[in-house]
Amino acid sequence: MEAAVVEIRDIAGHAGQEVVIQGWLYNLRESGKLLFPLFRDGTGVIQGVVVKAAVPPEVFERVKGLTQESSVRVTGKPRADQRAPGGFELDVSEVEVIQRVPPEHPYPITPKEHGVEFLMDHRHLWLRSARQRAILGVRHEIIKATRDFFDNRGFTLVDTPIFTPAACEGTTTLFEVGYFDEKAYLTQSGQLYNEAAAMAVGKTYCFGPTFRAEKSKTRRHLTEFWMVEPEVAFAHLDDVCKLAEELVASIVEKVLEKRRPELKVLERDVAKLESVKVPFARLRYDDAVKILQEKGSEIQWGGDFGATDETILSEQFDRPVLVTHYPAQVKAFYMATDPERPELALCVDMLAPEGYGEIVGGGERLADYDELLRRVHHEGLPQESFEWYLDLRRYGNVPHAGFGMGIERAVAWICGLDHVRETIPFPRMLYRLKP
Ligand code: 4AD
Ligand code: MG
């Protein structure tokens with residue numbers, strides 16, 4: 001009978017049985033009559049043992065000198081070994097080489113140190129390394145936890161378009177594309193369409209790629225990033241503050257529950273994540289400015305926070321902080337203003353701890369038709385492109401609020417990475433469109 005194909009993560013259930021593992025050669029140690037190939041299959045890594053006297057000579061020769069990342073089908077018996085990383089070793093009886101990486105063109109990424117640019121150029125291969133696989137795993141968990149969170153609370157997923165006729169988050173970061181005889185822009189946010197969907201289904205979220213022509217080279221900005229955006233009819237600022245903190249707390253909880261091994265590979269200080277519990281810290285912009293000035297920032301009331309300001313603020317707390325009530329002038333045209341202080345927007349930014357900066361931005365939407373029209377004009381936005389949006393204020397207008405969470409910022413923080421470029425499989429940045 002053919003041995004069953006087993007994934008390395010399930011190996012414990014097959015101790016002593018003959019199994020087949022399909023994967024790649026991660027590393028090979030040779031010691032005379034013994035070979036120690038390290039195999040990986042995407043679900044884990046296992047060390048094989050090939051004993052010269054125990055296998056046919058051609059099997060031993062096939063494995064000897066086998067090159068890194070050659071693809072293989074390996075037959076063998078898992079045996080418990082406390083010293084082995086996954087708790088098991090594989091006594092190998094047969095190895096079929098599917099493709100041998102030619103020794104004259106070896107796999108370009110070796111265990112030695114490579115520069116970041118080199119690794120980014122080889123991103124399509126770099127993804128196979130332990131650290132990158134760990135990040136992919138955490139990213140997956142964050143996305144799943146996010147979707148489960150909204151699905152379990154009765155939100156309806158409504159997809160929003162990527163080709164759009166107008167700006168949502170300011171005209172300076174728009175990607176323009178030819179659209180037959182017209183111009184179109186890649187979406188910066190699904191929010192405006194979300195507002196339409198919220199009036200249809202009450203609680204909605206969209207989750208997709210968004211685009212910003214960010215001309216600055218920072219550790220926090222991508223030109224293409226994924227954003228999850230909930231929008232809730234009849235909700236106010238406070239409601240979405242609560243929603244955002246519950247979302248982020250539940251994501252962190254899920255990652256801690258399901259992805260400890262990955263966090264270990266990433267050498268993440270999990271104690272820092274364990275303190276992320278609701279309620280998060282709250283701060284009004286006014287008070288945030290005072291704190292910043294005391295800490296030596298140049299910030300004046302009315303200005304937006306720079307990256308350093310956000311870092312200083314986030315370092316005051318052991319969990320994320322929600323900063324609310326920014327001056328309306330630094331926020332987007334669609335923001336509702338505080339009736340008691342109309343110069344303030346009813347908005348919230350969530351700053352992640354440890355200097356990771358803003359991971360969530362949102363707030364209450366401007367409901368008043370005349371004021372919204374005035375803002376559209378004030379921003380120099382073409383009214384005809386916003387007629388449909390104004391319709392939402394003409395037909396059954398209600399207070400509503402929502403926010404957007406950038407997936408890559410969340411991944412960077414939870415994984416403890418110092419740059420967003422490793423948080424997404426194929427990052428797009430100012431000087432990076434390949435591979
Ligand atoms: O604060 P932003 O610009 O808010 C909006 O787009 C709203 N329309 C969302 C809403 O209310 N529905 O972006 C939201 C989040 C930021 O907090 C950040 O996490 C992420 O998106 N983000 C970026 N992530 C990576 N690279 C960039 N260039 C980003 N710009 C924003
Ligand atoms: Mg923002």
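Between W388 and Y193, the two ring planes are parallel [angle under 30°; tilted spans 30° to 60°].
The ring pair (Phe, Tyr, Trp, His ring centres under 6.0 Å) contacts involving residues 250-293 comprise Y285-W301, Y285-F305, Y285-Y326, where partners must be two or more places apart or lie in separate chains.
For R128, the salt bridge (charged side-chain N to carboxylate O under 4.0 Å, His left out) partners are E69, not counting sequence neighbours. Qualifying ring-ring contact (aromatic ring centres under 6.0 Å, His included) partners for F207, counting only residues two or more places apart in sequence or in other chains: W226. Under the salt bridge (charged side-chain N to carboxylate O under 4.0 Å, His left out) criterion, E364 pairs with no residue, sequence neighbours left out. Shown here are the side chain to side chain contact (heavy atoms under 4.5 Å, CB included) partners of S314, two or more places apart in sequence or in another chain: L351.
E117 and R432 are joined by a salt bridge, as a carboxylate oxygen and a charged side-chain nitrogen come within less than 4.0 angstrom of each other. With respect to D269 and K272, a salt bridge is recorded, a charged nitrogen being found less than 4.0 Å from a carboxylate O. Between D148 and K144 there is a salt bridge, since a side-chain N of the basic residue sits under 4.0 Å from a carboxylate O of the acidic one. Taking a cutoff of 4.0 Å between a charged side-chain nitrogen and a carboxylate oxygen, K290 and E294 do not qualify as a salt bridge. Salt-bridge annotation for D286 and R284: absent, with no side-chain N of the basic residue lying under 4.0 Å from a carboxylate O of the acidic one. Look at E422 and R123 and you find no salt bridge, because none of the NZ, NE, NH1 or NH2 atoms lies under 4.0 Å from a carboxylate O.
When ring centroids are compared, F175 and Y185 stay outside the 6.0 Å threshold. Taking the centre of each ring, Y205 and F150 come in below the 6.0 Å mark.
Side chain of H114 to main chain of T110: a donor-acceptor pair is present (N/O by atom type, distance under 3.5 Å, no hydrogens or angles).
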What side-chain donor-acceptor pairs closer than 3.5 Å can you find for residues 254-261, not counting sequence neighbours?
from : atom 1 : to   : atom 2 : distance (Å)
R259 : NE     : E141 : OE1    : 2.7
R259 : NH1    : E262 : OE2    : 3.0
R259 : NH2    : E141 : OE1    : 3.0
R260 : NE     : L256 : O      : 3.0
R260 : NH1    : E274 : OE2    : 3.3
R260 : NH2    : E274 : OE2    : 3.0

